[in-house]
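A short write-up of the structure that comes next.
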Amino acid sequence: MAGRNFLFVPGPTNVPDRVLRAMHLAMVDHRSSSFPALASAVFDGLKQVLRTTTGQPFIFPASGTGAWEAALSNTLSPGDRVLVARFGMFSHLWIDMAQRLGLTADVLETEWGEGAPIERYHEALAADKSHQIKAVLFTHNETATGVTSDVAAMRRALDEARHPALLMVDGVSSIASIDFRMDEWGVDLAITGSQKGLMLPAGLGIVGASQKALAQYDQAKLPRVFFDFGDMRKANATGYFPYTPSLPLLYGLRESLAMLREEGLDNVFARHHRLAGGVRAAVKAWGLELCARAPKWHSDTVSAIMVPEGFNGADVIDVAFRRYNLALGAGLARMSGKLFRIGHLGDLNELMLLGAIAGAEMAMRDVGIKVTLGSGVAAAAEHYRGSAAPIPGRSLPAPPAGAKPAAAGAR
Ligand code: PLP
């Protein structure tokens with residue numbers, strides 16, 4: 001098929017050509033004297049992305065799910081209580097993992113489409129005078145519903161309740177795309193995977209651990225072998241890994257971290273915000289609703305778009321893929337059929353988004369949803385027009401004297 005596949009699922013995301021080239025290297029000996037230079041480059045870069053100077057990043061040949069398990073199993077013991085909200089497929093799966101590992105989950109059931117219920121977290125923590133709750137599990141960006149929650153507010157709730165529980169944050173679809181500050185927000189375990197904001201194939205499970213989390217390691221009695229922080233720390237301290245690392249992914253990670261550094265993390269976040277704003281403008285122009293119930297929860301990495309009653313989101317996704325070579329995200333679990341998702345994270349720009357929005361509206365029309373062709377594209381284009389920063393090295397010409405500013409969509 002001619003042309004590119006339009007990959008607009010919220011992970012895996014597009015792998016930039018530069019990263020693909022960086023991964024396309026012959027294998028070398030991961031026990032050679034040159035390997036530690038690669039290891040230290042990726043650990044340093046990850047600390048910058050996590051915004052931590054005191055925490056320690058871990059890299060496992062796994063995915064986000066493995067990183068969840070590493071965070072839990074290295075810091076907790078069988079029967080320990082964890083406090084966690086369920087408000088989408090990924091928070092649900094993390095709870096399921098905690099329970100299957102033998103932890104006791106105090107679950108705050110929350111409407112799917114709402115953010116993490118900070119006040120209810122606070123109440124439960126304040127009521128737990130004997131500090132039985134050992135960890136708070138918090139999904140920063142619920143990818144299933146396109147909802148971002150407030151990690152800083154969660155930290156404040158813990159501090160106000162004077163509760164010592166560890167703060168574990170799932171940042172799988174936020175880290176490297178949405179503002180994330182491990183040290184400032186007192187995040188004890190920051191969890192992510194390689195295939196989203198880090199613009200790599202899936203295959204790395206990444207955890208940033210605070211000194212407080214590392215101090216729990218000796219008391220934590222959950223079994224762990226592959227994900228053992230102790231083995232990792234010992235090997236990493238010498239510049240190596242306890243078992244065979246994925247060299248291509250590490251080469252790729254070194255390159256993607258360099259790209260993030262060159263663009264500047266704050267610019268990366270601003271770009272995601274701008275791109276997401278265009279998608280939200282398109283959804284409004286279509287007369288549709290987001291699954292996220294309030295603007296404060298709107299995610300800058302994924303928009304979950306409700307299809308009208310009587311239609312199936314899976315049909316939109318199927319037609320988009322078969323006819324237009326556009327991959328959209330599905331509705332998961334109880335959202336199955338009710339929505340489709342546009343992932344807008346990673347290596348993307350305005351014109352790519354306009355293509356995806358055009359494909360989504362064509363697919364919606366094809367299945368009979370009454371949206372006006374071009375309406376979403378026009379709304380997004382109006383949002384983007386003039387608001388994108390000039391590409392580095394290509395400064396804009398000065399506007400003619402007396403011209404009105406063009407930045408209608410500028411923030
Ligand atoms: N957490 C969130 C928020 C996710 O979006 C995902 C995957 O999409 C996961 C966890 C699980 O990660 P993985 O599929 O890399 O195991």
Side-chain angles (χ1 to χ4, degrees), residues 7-15 50 58-73 82 84-101 105 110 112-116 136-151 154 167-178 180 187 189-208 226-227 246 249 252-253 256 272 276 291-292 297-304 317 327-333 335-336 339-346:
L7 183 63
F8 280 85
V9 293
T13 64
N14 297 291
V15 180
L50 295 172
F58 290 89
I59 304 173
F60 296 99
S63 69
T65 305
W68 275 342
E69 185 162 338
L72 296 171
S73 65
V82 298
V84 52
R86 173 168 22 225
F87 52 105
M89 182 63 172
F90 293 101
S91 42
H92 166 72
L93 288 174
W94 201 10
I95 292 167
D96 178 58
M97 173 184 279
Q99 290 170 332
R100 285 158 66 182
L101 285 171
T110 306
W112 289 32
E114 291 186 5
V136 163
L137 276 49
F138 193 88
T139 302
H140 186 195
N141 191 75
E142 179 44 89
T143 322
T145 55
V147 160
T148 303
S149 295
D150 189 344
V151 185
M154 185 64 245
L167 176 55
M168 300 195 187
V169 178
D170 174 339
V172 174
S173 57
S174 62
I175 287 172
S177 313
I178 298 177
F180 187 90
V187 174
L189 291 134
I191 292 156
T192 193
S194 47
Q195 76 277 23
K196 308 217 184 215
L198 292 171
M199 307 176 287
L200 292 164
L204 298 179
I206 294 165
V207 185
F226 186 76
F227 291 118
S246 166
L249 285 169
L253 179 59
S256 72
H272 281 80
C291 179
W297 294 318
H298 286 171
S299 166
D300 282 346
T301 57
V302 52
S303 294
I317 295 164
L328 299 168
L332 301 172
M335 289 304 167
S336 172
L339 56 78
F340 67 90
R341 293 175 298 152
I342 299 181
H344 31 82
L345 73 165

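Residues: numbered from 1 along the sequence shown. Both ligands and their constituent atoms are indexed starting at 1 by order of listing.
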What protein heavy atom sits nearest atom 1 (N) of ligand 1, and how far away is it? D170 OD2, 2.6 Å
Please give me the minimum heavy-atom distance between A304 and A144, naming the atom from each residue. CB-O, 4.1 Å
How many angstroms lie between CG in L72 and CD1 in I191, if you round to the nearest 0.5 Å? 6.5 Å
Nearest protein heavy-atom contact for atom 14 (O) of ligand 1: which residue, which atom, what distance? Q195 NE2, 3.9 Å
Between S173 and T143, do the side chains contain a donor N or O and an acceptor N or O under 3.5 Å apart? yes
Options V302, T301, T143, ranked by nearest heavy atom to atom 3 (C) of ligand 1, top entry: T143
Specify side chain, backbone, both or neither for W68, according to which of its non-hydrogen atoms lie closer than 4.0 Å to ligand 1. side chain
N/O to N/O below 3.5 Å, does that happen between G64 and ligand 1? yes
CA sep, side-chain torsions, deciding dist, call: F87, T139, side-chain contact (heavy atoms from CB on, under 4.5 Å): CA-CA 9 Å; F87 52 105; T139 302; 4.1 Å; yes
Specify the protein heavy atom at minimum distance from atom 9 (C) of ligand 1: its residue, its atom name, and the distance to 0.1 Å. F90 CD2, 3.5 Å
Of the protein's non-hydrogen atoms, which lies at the shortest distance from atom 11 (C) of ligand 1, and what is that distance? T65 OG1, 3.7 Å
Ligand 1 versus V172: contacting region, heavy-atom distance under 4.0 Å: side chain
Please say whether N141 places an N or O atom under 3.5 Å from an N or O atom belonging to ligand 1. no
Where does the angle between the aromatic ring planes of F226 and F60 fall among parallel (under 30°), tilted (30 to 60°) and perpendicular (over 60°)? tilted
Taking the side chain as every heavy atom from C-beta outward, state whether F90 and L332 have any atom pair closer than 4.5 Å. yes
At a 4.0 Å threshold, what atoms of ligand 1 neighbour a non-hydrogen atom of S63? 13 (P), 15 (O), 16 (O)
the protein heavy atom lying closest to atom 8 (O) of ligand 1 turns out to be K196 NZ, 2.6 Å
For the OG atom of S299 and the CD atom of E142, what is their distance to the nearest 0.5 Å? 10.0 Å
Side chains of L200 and L253, heavy atoms from C-beta outward: is any pair under 4.5 Å? yes
